[in-house]
Protein chains: 2
Amino acid sequence: MSVTAAMGFAAGGSACGIKAGGGPDLAIVTTETRGPVPAAGVFTLNLAQAAPVQVSRKHLHDAHATAVVLSSGNANAATGEQGRADALRMAELTALGLGCDTTDVLVCSTGLIGYPMPMYALESGIPVLAAKLNGSTAAANAILTTDSVSKEAVVSIEGTNAVIGGMAKGAAMLMPSMATMLAVLTTDAEVDPSTLQTALTRAVDLSFNQLCVDACTSTNDTVLVLASGASGAGITNRNEFHALTDALTEVCSSLAEQMARDAEGASKLARITIRGARSDSQARLAARSVARSQLVQCSLNGEDPYWGRVLSELGVSGAIFDPESVDISFNGIVCCRNGIAAAHDAVALAGAMTERDIHIECTLNAGNGRASVLFTDLSHAYIDENRGTS
Amino acid sequence: MSVTAAMGFAAGGSACGIKAGGGPDLAIVTTETRGPVPAAGVFTLNLAQAAPVQVSRKHLHDAHATAVVLSSGNANAATGEQGRADALRMAELTALGLGCDTTDVLVCSTGLIGYPMPMYALESGIPVLAAKLNGSTAAANAILTTDSVSKEAVVSIEGTNAVIGGMAKGAAMLMPSMATMLAVLTTDAEVDPSTLQTALTRAVDLSFNQLCVDACTSTNDTVLVLASGASGAGITNRNEFHALTDALTEVCSSLAEQMARDAEGASKLARITIRGARSDSQARLAARSVARSQLVQCSLNGEDPYWGRVLSELGVSGAIFDPESVDISFNGIVCCRNGIAAAHDAVALAGAMTERDIHIECTLNAGNGRASVLFTDLSHAYIDENRGTS
């Protein structure tokens, strides 16, 4: 279901020949009416934006869209003028196939950076797929690169009969070589474009942006949402807006966690929670600093509760606090209190570290700021998967 | 020679029992007169500063010092009030042994974070060593943790009869679990403290700060220099200042490169050079972004010239440039021009990537800013060395 769970949408996926191995590599999501509906997007902040990102931003300028065409295997990034022409041609082919305007088609691609798109595959593949949309499961599979499972989620918007469905490909620590995370969400709520954009930005901030993945800043990262209005459930007042935002956040969080769990190279799924920072943004600085630390990631891989490394990363994060007021725990067992070693049950802690899910909690005692980031350990498999790709 | 190459200094090293294995773990460097001389220091910017860093900063407040006592195996970091008392006691024991003031003794420690110093070892070890300084080679060996070789360098100050000698322990990517880099330099030039500090700060900026090591921001990083004046060569005019700075930079650069080359976990020594950035500081942002990228490090490990990853890291570095004006080369072979793939001899490039030293050069075509950073690849050995330590 996922991306067609909301009324008013159709989707499909196929193998058109981008991937050398012949796997599914092309997907389309469209409104059933083939007419434009309110749409919103969040894109990578990378200065080196892939061609499809450039085209999608342009086509989303009027805050409406009819369809999204997605390809996997080639990122169409660092491809210059030809890349933009190719991404635009993908939109045009999709528009021709569906019977809508080219400027109402958004484009997403993921895969290797720096290679021209194999347009011969898309020239024949898009018309065939557009003519026969075979469902959301096929679509969710066709956007994957080296993911081992597809990522889908559906959530109801509380107090309404509308739902939000979504699919993603994700790249967590599992295969950032293939770069990028993509997510396409649909809802049948009736919502104006600016409200939709506000809700999406907030939801992404509370979900995907709390996942520490290399892909956070790749050339292709894109999250899109289209709102058909087909349920007739309007989002007009403050409560409805909050219900929409909450539901979007829940879908995005589910997809983000599915990404982290699918991290092939990883043996641990870790969460770092910072409390008591001066502000939420300082807490986020601190959480990201720990999450991106190769040393902390190595310790997790070795199931070593080395809190000294966590403290050291907090100290260089840019957050302001007194290092001698910090408490640190692993899976609930406090091993550092007031910045120095705390007596604890070492056997219980060693046992806790063998779990797949590790929760590191740090209290800075400097304010009320709070943040949480999901990450993984650093393993041999991560290196093996990323050492050769071109 | 190294740290005693400059006239007026004595040094020694011993095994006092901090390291469980019985290896050398205690060193002292002192003026031969046992009187204070101009001294300068550069310390970690980590908010969580180890106790010896706190004590050394305090003792360097008058910009003079007589001696440095260094221990390895325990970082005396995250040890709170007791840690400060222990570091101060190390200074006091050294002062008693040498016959100088406690406040003229600087303290450096490296090793594991979060464990109390084994003071029983130092209470007996420092007096014995202070009474019989057995030379700079013993000192250079005693400050190592998991380094495989000691790091020493000696350079003459051009146009004078003065020299600068130095020793370091370093931590590059090889064993940041044992955290921290330390360096102690001595010179027999006659130089006032503020000139010495200015020269050291500049030299560190051009050497150690261009090495991308986790230790850059550890709890214990310290670089110290003491100037005996014993050569009678004064540093009084602009030319002499530049000669001093150049010589300091040369010593520090040599020690930094020795650290990177000793990176046990690494199979590649890489340099990223950015040219044509808007400013030197933007160039440095860009260089660091590439150097710290796990993905770029994995590519190097696999000898894969994946320039797309380099471009993507440049794009998120914060430097401002046009991605479609960027050129990238590996060991002189240009594989990306104007932000897209450039025709090149693939066989020659594959051959170049098998070398141990890899030079990645990026031209941003946005200005005249320039920077260069030394780093290493990411290997299985790095993970193995860092996954368990506590």
Side-chain angles (χ1 to χ4, degrees), chain A residues 44-49 75 77-83 112-116 176-177 179 214 217-219 293-295 298-309 311-312 314-317 319-321 323-324 326 336 338-341 378-380 382-390, chain B residues 44-49 75 77-83 112-116 176-177 179 214 217-219 293-295 298-309 311-312 314-317 319-321 323-324 326 336 338-341 378-380 382-390:
Chain A
T44 178
L45 297 175
N46 198 313
L47 210 58
Q49 301 205 331
T79 46
E81 201 53 63
Q82 185 61 49
L112 288 170
I113 302 172
Y115 296 85
S177 69
D214 303 301
T217 45
S218 91
T219 49
S293 163
Q294 285 185 194
L295 288 173
C298 283
S299 292
L300 283 173
N301 184 254
E303 305 190 332
D304 180 1
Y306 191 179
W307 59 267
R309 284 181 178 168
L311 183 65
S312 182
L314 294 174
V316 294
S317 65
I320 306 298
F321 61 93
E324 299 191 13
V326 174
C336 165
N338 292 325
I340 63 174
L378 182 58
S379 64
H380 284 197
Y382 173 83
I383 293 176
D384 295 339
E385 283 164 11
N386 288 295
R387 59 198 299 275
T389 49
S390 73
Chain B
T44 178
L45 297 174
N46 199 313
L47 210 60
Q49 302 205 331
T79 46
E81 201 53 63
Q82 185 61 47
L112 288 170
I113 303 171
Y115 296 85
S177 68
D214 303 301
T217 46
S218 92
T219 49
S293 164
Q294 284 185 193
L295 289 174
C298 283
S299 292
L300 283 174
N301 185 254
E303 305 191 331
D304 181 0
Y306 191 178
W307 59 267
R309 283 179 178 169
L311 183 65
S312 182
L314 295 174
V316 295
S317 65
I320 306 298
F321 61 94
E324 298 191 13
V326 174
C336 166
N338 291 326
I340 63 174
L378 182 59
S379 65
H380 283 196
Y382 173 84
I383 294 176
D384 294 339
E385 283 164 12
N386 288 295
R387 59 197 300 275
T389 49
S390 72

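Here is the naming used below: chain letters follow the sequence lines, and residue numbers restart at 1 for every chain.
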Q: Under 4.5 Å heavy-atom distance to chain B, tell me which part of A/I320 shows up: side chain, backbone, both or neither.
A: backbone

(Q) Is there a side-chain contact between A/L378 and B/Q294 in this structure, where contact means two heavy atoms from C-beta onward sitting under 4.5 Å apart? (A) yes

Q.
Need one label for B/A77: side chain, backbone, both or neither, based on atoms under 4.5 Å from any heavy atom in chain A.
A. neither

Q: Kindly give the heavy-atom pair with the smallest separation between A/L295 and B/Y382, and that separation in Å.
A: CD2-OH, 3.4 Å

Q.
Distance check, rounded to the nearest 0.5 Å: B/I383 atom CD1 versus A/I383 atom CD1?
A. 3.5 Å

Q. When rounded to the nearest 0.5 angstrom, what is the spacing between OG1 in A/T79 and CD in B/E324?
A. 8.0 Å

**Q.** Exercise: identify the closest heavy-atom pair between A/P323 and B/A48
**A.** CG-CA, 3.7 Å

**Q.** For A/F321 against B/L47, the heavy-atom pair lying closest together
**A.** O-CD2, 3.3 Å

Q.
Which heavy atom of B/A341 sits nearest to which heavy atom of A/G114, and what is that distance?
A. CB-O, 3.7 Å

Q: Kindly give the heavy-atom pair with the smallest separation between B/D304 and A/R387, and that separation in Å.
A: CB-O, 3.4 Å

Q: Taking side chain to side chain contact (heavy atoms under 4.5 Å, CB included) as the test, write out the residues that go with B/Q49, two or more places apart.
A: B/T44, B/V53, B/Q54, B/R57

Q) Of all heavy-atom pairs between B/A78 and A/L311, which one has the smallest distance, and what is that distance? A) CB-CD2, 3.6 Å

